[in-house]
There are 2 protein chains.
Amino acid sequence: MLDLPGEILEALPRSPVARDVARRAGVSTATVSRVLNGSAGVRADKREAVIRAAQDLGFVANGAARALSTRRFMAVGAVVPNIENEAFVRVLSSVQDRLRQAGYTLVAANAGYDLDDELREATFLLERGVDGLMLVGDIHHPDLHARIARHGIPMVQTFSLSRERPCVGFDNAASAARAANYLMDLGHRRIGVISGLRRDNDRGGARVTGIAQALAVRGLRLAPEHDIEISYGIGGGRDGFRQMLAGGPPPTAIICGTDQIAFGAMIEARARGLDVPGDLSVIGHNDSDFAPFLDPPLTTIRIHSAEIGHAAGDHLIARIQGRPVVRVTEIDAELILRASTAPPRRDPG
Amino acid sequence: MLDLPGEILEALPRSPVARDVARRAGVSTATVSRVLNGSAGVRADKREAVIRAAQDLGFVANGAARALSTRRFMAVGAVVPNIENEAFVRVLSSVQDRLRQAGYTLVAANAGYDLDDELREATFLLERGVDGLMLVGDIHHPDLHARIARHGIPMVQTFSLSRERPCVGFDNAASAARAANYLMDLGHRRIGVISGLRRDNDRGGARVTGIAQALAVRGLRLAPEHDIEISYGIGGGRDGFRQMLAGGPPPTAIICGTDQIAFGAMIEARARGLDVPGDLSVIGHNDSDFAPFLDPPLTTIRIHSAEIGHAAGDHLIARIQGRPVVRVTEIDAELILRASTAPPRRDPG
DNA sequence: TGGCTATCTGAAAGCGCTTTCAAAAACGAC
DNA sequence: GTCGTTTTTGAAAGCGCTTTCAGATAGCCA
């Protein structure tokens, strides 16, 4: 091995390490570390020498070494059911917002509404190294929490409330019930539901339950043929509403699991010559970008995804840093009234 | 410090390390590593002992230590202009797909259409530790590529083609030109453009240039008052079209930077009593979920985001693993004809 | 200038893995 | 059995950073 002079070694395509900076600044690696991490107690001249050397060399600390040494990964994981879903994207984006400010990165994974996959992805993140974990909902694989606990990192659930665990979310049953009550106040008596797949999805389930209970309180019931479960998306909404019409007397109002589903249902309704809201009132979920621009503009339950994300991010950062937090943060959903809902045209049988 | 018996120590909330597995299996950590990484040359009985011990202890290797030791982070970074934009979400999701299969994770960051921010986010990822980097477009901060090179990791650009660098994308100018030619073939002579912000955005710029050139070839020009630049979104589309109408004789056809913009423009057109496509033909970009369901269904340039993501993921993995790759992968965009385009009603002046 | 305290600094010991290298064990052929 | 191979195995040396701890320096007062 040749012993090349410093300048030539530095030109090598090997990225510089703390040792190189130390050598160039004429200090030890300990001092380099101290300066670069902003800890006090380094004389001004040495501090400047280190900063200059680091800059000259284009030094970037090796994250793995730092993580190994500090036992901090400076990363937070998030496992969401569907990474392409608008609401989850918004949450991820706003969590990341907060994390980024605190110097953390977000690593997101996709669970596809399957508990086993969720466990696998979470394990993957745990192995990769994260200091905290965000999940969606309150239903998980039985092993998941033990595994997280094993790693001793904080976890927060989002989008629904939980009796046992830290969470940021809202009462899915109550907000859906509010929508149902609003429809009943308008005079509707036959109300249908088109939800996304509910297996392993407590949010969807809670919403339907909430609606059924609200109906029951007023002596009505959610007819099985008006309780439709389909895959998400506009196409799903069309199919769902078609399916609903196939099963006996049509409802005068429907509540949909997402605005996409509602959009699909409205398209199908129009295709069948039904007027919205004259013949059919429609309520969606999420208040997507396009909801106010549909024809008619869509009444919807606005879920404050960005706020949920911010709160979840803050919660995790606080716990990672050992600060106290409240276990439950409730971020209420809101019923946004637009023109897709109205009293039923004539008294429905 | 008490010297507790093994079983009790194992119950401590400290996550088990390779040493613990080794002790329990009666082998060395070297053997544990060999077994858990599937390298050959371990006798069957020891192999099984290690696997059992690892299982019993719920051992999960420390990613940072592994990364430090192997100089592999098993992670790939991606910096996109807007993490909430549908097209980029799709790309991220499909990149992740491929990465996940190869055992890598995706770490995504948001650059917000700003070169300085992009540099900052990329640096952050580099520091955090990634084995490869995906970028969008061909315009970047002048320091960015040097910094990436410094780390000696592969990089791939997406969504546009590049003369100098590895890329997966399509010819934005050519595909927009194709749309313009289609409109001209239909008989349109006054064609407008509503694009998203074009600063630091080569894709948007190339599209407008492509359209202008296609017009020029047929002796037409893109009037400045028909060349509108707005922020993305449905609202942006409405504003953009309103702005366009304010500037002299209206176009008989417009090409929009996204389907959202097209949607917004169609809403504004309808609000002004213009018929689509009778008075105004509209073309979007991306073929979003809702495009076929608009009224009328939207003609649009479909960008195969998922394919771009898959190709980009494969490209990076291949280079990380030292396999040869082609520098340029072209994934052509496609003009999807629907009912929002038609010949102009009467010969436009 | 000397002595005592308050500041700074560097050597060295990890963090928990992987991997090299040489020794030990197992195997075969004689 | 013995000896030469071929497998297996473990000890130990990193990977590049942080952090402790003790020694070196600087600052201050007498």
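To find a chain, count down the sequence lines: A is the first, B the second, and so on, and within it residues start at 1. The analysis underlying the following values was restricted to heavy atoms, covering all of them including side chains, and did not include hydrogens, waters or symmetry mates.
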Here's a test of your reading of the structure: between B:Thr70 and B:Lys46, which maps to the more 5' nucleotide of DNA chain D?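 Whichever sits nearer the 5' end wins; that is B:Lys46.
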With nearest nucleotide decided by heavy atoms, which residue, B:Thr29 or A:Val60, maps closer to the 5′ end of DNA chain D?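 It is B:Thr29 whose nearest nucleotide is closer to the 5' end.
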With heavy atoms of chain B within less than 4.0 Å as the criterion, where does contact along DNA chain C begin and end?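 It runs C:dG16 to C:dT20.
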d(CZ, B:Arg34; P, D:dT9) in whole Å: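 Going from B:Arg34 (CZ) to D:dT9 (P), I get 8 Å.
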If you look at every strand shown and take non-hydrogen atoms under 4.0 Å, does [X] touch a base, only sugar-phosphate, or nothing?
X	answer
A:Arg71	sugar-phosphate
B:Ser33	base
A:Thr31	sugar-phosphate
B:Val32	nothing
B:Ala18	sugar-phosphate

Residue that, paired with A:His310, satisfies side chain to side chain contact (heavy atoms under 4.5 Å, CB included) out of A:Asp97, A:Val95, A:Val91, A:Ile331: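 Going through A:Asp97, A:Val95, A:Val91, A:Ile331 one by one, the side chain to side chain contact (heavy atoms under 4.5 Å, CB included) with A:His310 is satisfied by A:Asp97 alone.
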Can you tell me how far [atom2] of [Y] sits from [atom1] of [X], rounded to the nearest 0.5 angstrom?
X	Y	atom1	atom2	result
A:Glu118	A:Thr123	CD	OG1	10.0 Å
B:Asn62	B:Ser15	CG	OG	8.0 Å
B:Leu144	B:Leu133	CG	CG	7.0 Å

For the residue pair B:Arg319 / B:His315, report whether a side-chain donor-acceptor contact shorter than 3.5 Å exists.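 Distance-only check passes for B:His315 and B:Arg319.
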How about B:Leu36 and B:Phe59: do any of their side-chain heavy atoms sit closer than 4.5 Å?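 Yes, side chains in contact.
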